[in-house]
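Below: the structure, in structure tokens.
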Number of protein chains: 2
Amino acid sequence: MIDKQLMKLRVRDDISPEEEQALHDAQGQVIDYPADHTFITAGDELNCSTLLLEGILGRYKDLSDGERQITELHVAGDFADLHSFTLKHLDHNVMTLTPAKIVQVPHEKLKRITEQHPHLARVLWFSTNLDAAIHREWEVSLGRRNALQRTAHLFCELQVRLGIVGLATEAEYRLPLTQVQLAECLGLTSVHVNRVLKELRERRLVEFRSARVKIADLAGLRSIAEFDPAFLYLDRRPR
Amino acid sequence: MIDKQLMKLRVRDDISPEEEQALHDAQGQVIDYPADHTFITAGDELNCSTLLLEGILGRYKDLSDGERQITELHVAGDFADLHSFTLKHLDHNVMTLTPAKIVQVPHEKLKRITEQHPHLARVLWFSTNLDAAIHREWEVSLGRRNALQRTAHLFCELQVRLGIVGLATEAEYRLPLTQVQLAECLGLTSVHVNRVLKELRERRLVEFRSARVKIADLAGLRSIAEFDPAFLYLDRRPR
DNA sequence: CGTACACTTGAGCCGCCTCAACTGAGGTGG
DNA sequence: CCACCTCAGTTGAGGCGGCTCAAGTGTACG
């Protein structure tokens with residue numbers, strides 16, 4: 001059930017059979033959520049973390065004028081709030097953007113892992129640092145890339161991240177998000193996202209339609225986005 | 001020498017005398033760097049982390065057109081690249097924005113801490129998650145706040161972070177950054193930062209001049225920025 | 001067959017950028 | 001001691017990328 005999480009971890013690190021077992025044993029309740037459901041609210045006291053099995057989640061913050069910024073997307077295999085293990089409560093909300101299946105991992109079991117499996121603990125620590133690296137890349141997009149580059153960059157990022165867990169090829173992947181949700185990731189309005197998607201289509205780079213991303217020219221897409229997958233740390237760490 | 005780091009950690013957590021000793025013992029070489037010096041470049045293989053004792057550091061990425069985005073500022077007491085312990089190399093550069101004194105902490109010693117001091121390991125893990133929370137707040141600023149709010153928000157953030165280590169009062173703090181460097185944090189041009197600073201001054205909220213931030217109206221400043229210090233996790237974590 | 005919701009497109013506006021000129025404070029060498 | 005350079009900061013004029021407002025189209029679902 002946590003095979004996608006293991007695929008993700010094993011891209012970057014060795015996971016021994018004992019460590020795999022420890023992860024298996026850490027699993028708690030499995031839950032299915034509908035789309036558009038906020039299941040963690042900023043400030044809630046948390047005693048378990050959420051491992052995503054299927055679907056797409058978003059971490060987000062709302063402002064008083066109703067604007068929303070999604071700060072990271074999560075795909076199958078991601079821990080959506082592993083950081084709540086050390087933070088105890090979150091500074092942001094977490095919602096489903098599509099219907100989603102998750103499994104809860106009690107913090108008590110994570111604590112035991114830190115005490116009994118130091119290497120696995122470091123691997124989990126790495127996972128939260130990878131989330132931070134994704135945040136940094138989004139900061140660069142939001143601060144310095146224009147709407148076209150920013151959108152292209154997000155499609156490139158998701159192609160790699162979904163590819164790791166077998167949910168994307170170089171040519172396409174399923175992405176059941178609305179243009180409003182994309183806009184909330186990109187710091188744009190949905191109207192402008194719509195125009196950008198049109199331009200990406202007309203330039204024969206990528207087509208986003210009916211919940212699919214069809215990449216016509218991956219090299220070209222990466223080129224205009226200045227996409228460098230280094231921030232996703234795809235190389236293996238020495239044990 | 002690491003007293004500011006301990007001040008920072010103890011705002012959020014209990015640090016036992018043994019743990020304090022372990023941190024002391026982890027210290028390696030002390031180095032003084034001049035201002036404007038990039039001492040970690042993306043991709044460099046790293047075997048120690050950098051604890052900042054004095055000065056201000058910035059994590060940043062450059063784009064091909066010469067634009068730069070600073071993704072986080074570091075102040076005395078911060079680990080500037082504790083995450084390099086799990087990442088092994090960084091996806092971004094780290095530079096001094098002012099003259100700075102740092103102490104290196106070998107990864108080998110951090111590894112020993114994860115094996116012998118699980119609680120302290122979690123505290124350090126927390127520190128990197130706090131950096132991620134700061135990244136998220138900057139994403140919100142860059143994505144959804146206008147130039148005035150964004151600038152005000154940064155001044156509020158630094159007031160709290162410098163206050164923790166005794167380098168800021170509610171009324172003022174030293175901040176020897178240029179307007180160009182501020183612009184690189186804020187995703188703006190230095191010309192526009194200059195106009196924003198003028199407006200903040202004219203509105204009697206905050207004055208930034210000759211390396212000092214003088215806060216005329218902290219409540220007002222926080223109000224226009226919608227600043228909520230919750231993202232800095234100032235509450236104590238149960239042991 | 002009506003309602004809701006995602007998407008699409010046009011027209012006009014505005015926040016921030018670009019380009020450029022100028023001021024002022026150090027620092028340095030003749 | 002001053003002429004000169006450099007670099008941070010300041011200000012104005014004009015342009016443009018993305019926003020706002022508004023009116024559509026398409027489609028799924030009751």
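Note on naming: letters A, B, ... go to the chains in the order of the sequence lines (proteins, then strands), and numbering restarts at 1 for each one. Values below: all heavy atoms of this structure, side chains included; hydrogens, waters and symmetry mates excluded.
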Donor-acceptor pairs under 3.5 Å, side chain of residues 43-50 of chain B to any protein atom, not counting sequence neighbours: which ones?
residue : atom : partner : partner atom : Å
D44(B)  : OD2  : T41(B)  : N            : 3.2
S49(B)  : OG   : D81(B)  : O            : 2.9
S49(B)  : OG   : S84(B)  : OG           : 3.3
S49(B)  : OG   : H107(B) : NE2          : 3.1
T50(B)  : OG1  : D81(B)  : OD1          : 3.2

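- Side-chain atoms of Q5(A) never come within 3.5 Å of backbone atoms of D78(A) as a donor-acceptor pair (strictly under, hydrogens ignored).
- In terms of the ring-ring contact (aromatic ring centres under 6.0 Å, His included) criterion, residue partners of H153(A) (sequence neighbours excluded) are, by chain and number, F227(A), F231(A).
- With sequence neighbours excluded, the residues forming a side chain to side chain contact (heavy atoms under 4.5 Å, CB included) with R10(B) are L6(B), I15(B), E20(B), listed by chain and number.
- DNA chain D is contacted by both K198(B) and A147(A); K198(B) maps to the nucleotide lying nearer its 5′ end (nearest heavy atom per residue).
- With sequence neighbours left out, the ring-ring contact (aromatic ring centres under 6.0 Å, His included) criterion links H74(A) to no other residue.
- Looking at R68(B), its side chain never comes within 3.5 Å of a backbone N or O of Y60(B) through a donor-acceptor pair.
- Defining each end axis of the helix from dC1(C)-dG30(D) to dG30(C)-dC1(D) as the rotation carrying four pairs' C1' atoms onto the next four, with five pairs an end, the two axes are found to diverge by 30° to 10 degrees.
- Under the side chain to side chain contact (heavy atoms under 4.5 Å, CB included) criterion, A230(B) pairs with D228(B), sequence neighbours left out.
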Run the side-chain hydrogen bond (donor to acceptor under 3.5 Å, both in side chains) test on N129(A) and T86(B) for me, step by step, so that the C-alpha distance in whole Å, both residues' side-chain angles and the decisive distance to 0.1 Å come before the verdict. CA-CA 8 Å; N129(A) 289 341; T86(B) 67; 2.6 Å; yes
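- Straight-line distance from the CZ atom of R150(A) to the P atom of dG18(D): 7 Å, rounded to whole Å.
- Residues forming a side chain to side chain contact (heavy atoms under 4.5 Å, CB included) with N146(B) (at least two apart in sequence, or on another chain): L148(B), Q149(B).
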Side-chain donor/acceptor pairs under 3.5 Å, residues 212-220 of chain A, sequence neighbours excluded:
residue : atom : partner : partner atom : Å
R212(A) : NE   : E172(A) : OE1          : 2.8
D217(A) : OD1  : A219(A) : N            : 3.4
D217(A) : OD1  : G220(A) : N            : 2.8

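- For the OP1/OP2 pair of dT10(D) and a distance below 4.0 Å, the side-chain nitrogens and oxygens of N194(B) include at least one atom meeting the criterion.
- Side chain of T98(A) to main chain of G55(A): no donor-acceptor pair is present (N/O by atom type, distance under 3.5 Å, no hydrogens or angles).
- As judged by a 4.0 angstrom heavy-atom cut-off over every strand, L197(A) is placed among residues making no nucleic acid contact.
- Taking atom CG of residue N146(B) and atom P of nucleotide dG18(D), one finds them 17 Å apart after rounding to whole Å.
- No donor-acceptor distance shorter than 3.5 angstrom exists from the side chain of T96(A) to the backbone of P99(A), with no hydrogens or angles considered.
- Two residues, R145(B) and Q179(A), neighbour DNA chain C, and the one matched to the more 5' nucleotide by heavy-atom proximity is Q179(A).
- Taking 4.0 Å as the cutoff to heavy atoms of chain A, we find the contact window on DNA chain C bounded by dC7(C) to dA11(C).
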Protein-nucleotides 20-28 of chain D N/O pairs under 3.5 Å:
residue : atom : partner : partner atom : Å
dT20(D) : O4   : R195(A) : NH2          : 3.3

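- Proximity of residues 199-212 of chain A to DNA chain D (heavy atom under 4.0 angstrom from any strand atom) is not detected for any residue.
- Here ring-ring contact (aromatic ring centres under 6.0 Å, His included) pairs that include residues 196-219 of chain B, with residues two or more places apart or in two chains, are F155(B)-F208(B).
- Taking atom CG on L182(B) and atom C1' on dG9(D), their separation rounds to 12 Å, with Å as the unit.
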